[in-house]
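Here's the structure, in structure tokens; my notes come after.
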Amino acid sequence: MEKFVVRGPNKRSCTNDALIRSPRKKVKLEEDERLKEEEDEEDEDEALAEFSNPVPWQKIEAEGLDCDYAQLFSKEEADKLFKQLEEEVVYSTGEEAKVQVFGKVYNIPRKQATYGDAGLTYTYSGVRRSACPWTPTLKSIRDAVTKTTAQTFNFVLVNRYKDGQDHMGEHRDDEKELDPLCPIASVSLGAARDFIFRHRDARGKQSRRQIEPVRLELAHGSLLLMNPPTNTFWYHSLPVRKKVLLPRINLTFRRIILDRKK
DNA sequence: TTACGGTCAGGGGC
DNA sequence: GGCCCCTGACCGTA
């Protein structure tokens, strides 16, 4: 049923440009990273030293879909991070926790928060949200992801699903402000949940083509990298799973392009 | 159109 | 096997 291909350890063929980038590009990135990392550099090194190395990557591929999946954190690390995030993250309330779809306003069926570099904003369902400053735990998870992927991220969207009733409908992360060359890195903590990709041409009653959906289970402490062009061709969702009784926190690290017009 | 609700099919329990 | 109930997939929608 599942169409993805699992390769052997570390045989990565993704478009992760950090692994094939030119020396000049590397120098530029390192400068950027240095500027961003001026503060708390030593503290972060200590935090990073706590993380174990990830287990081998699984390559998940289909037509126009390119993902990498790995267990980033051990159970003990993931338990600790989950607990810390439960204490640190402040979720949106009131109008910010609502969404308008087909002219109706609904409460979002999960909790959301946005964190990132100073001044960044992210537009979600037509609503512009500004990033809160990184918390220590979010920063250390971001750095662990960077260490593993050699990609830098300046923003994270935090989604908290209180149980299997909380969910997220089918969508693409195709916002214009996202760097089209940067993968989206999705870290899962807490209850394992199903995650489903569907090709854009295989949706709806009059779908043009028959392409099987790709189904994954995102485990506690896992990292899913969605490489370009996945988000161009594939929608993804986190469906309701009534048997799931425990909460899950999902962090999607992104790189937002700074608006040069201003 | 990151939402929900209606409908339907399939599976499990009895 | 047949019925009921639950779950999940799919579709329509302003």
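Keep in mind that what you see is a predicted model, and the values were worked out from it rather than measured. In what follows, chains carry the letters A, B, and so on, assigned in the order in which the sequence lines appear, proteins first and then strands, with residues in each chain numbered from 1.
- Of the charged side-chain nitrogens involved, at least one lies within less than 4.0 Å of a carboxylate oxygen, so that A:K75 and A:D79 count as a salt-bridged pair.
- Atom CG of A:L178 and atom P of B:dT2 are 15 Å apart (whole Å).
- Following rounding to the nearest Å, A:Y106 (OH) and B:dT2 (C1') show an atom-to-atom distance of 13 Å.
- Contact annotation for A:V105: no contact, since no heavy-atom pair falls under 4.0 Å across all strands.
- Per the geometry, CG belonging to A:N107 stands 12 Å off P belonging to B:dG5, to the nearest Å.
- Within the 4.0 Å cut-off from OP1 or OP2 of B:dT2, not a single side-chain nitrogen or oxygen of A:R198 is found.
- A salt bridge is absent between A:R254 and A:E177; no separation between the charged side-chain nitrogens and carboxylate oxygens falls under 4.0 Å.
- Atom NZ in A:K243 sits roughly 18 Å away from atom P in C:dC5 (whole-Å rounding).
- Residue contacts shown for A:Q112 are absent, as no nucleic acid heavy atom lies under 4.0 Å away.
- When the P atom of B:dT2 is taken as reference, atom CZ of A:R129 falls 12 Å away, rounded to whole Å.
- In this structure, the nucleotide among B:dA3, C:dA9, B:dT2 sitting nearest to the side chain of A:I108 is B:dA3.
- Within 4.0 Å (heavy atoms only), A:R241 reaches sugar-phosphate atoms of the nucleic acid but no base atom.
- Remark: aromatic rings of A:Y235 and A:H171 are distant, center separation not under 6.0 Å.
- Within the 4.0 angstrom heavy-atom criterion, no nucleotide atom of any strand lies near A:H236.
- Nucleotide B:dT2 holds its P atom 11 Å from the CD atom of A:E170, rounded to whole Å.
- Between the CG atom of A:N159 and the P atom of B:dT2 there is a distance of 13 Å, rounded to whole Å.
- Base pairing of B:dT2 is not made with any nucleotide, judged by Watson-Crick or G-U wobble geometry with both donor-acceptor distances under 3.5 Å.
- Closest to the side chain of A:K242, out of B:dT2, C:dT7, B:dC4, is C:dT7.
- Side-chain N or O atoms of A:T137 include none that pairs as donor or acceptor with a backbone N or O of A:L81 at under 3.5 Å.
- In this model, the phosphate group of B:dA3 is not approached by any side-chain N or O of A:H171 to a distance below 4.0 Å at OP1 or OP2.
- A:K104 comes within 4.0 angstrom of no nucleic acid atom, judged by non-hydrogen atoms across all strands.
- The NZ-P distance, from A:K111 to B:dA3, rounds to 16 Å in whole Å.
- A:F155 and A:F253 have their aromatic ring centers separated by at least 6.0 angstrom.
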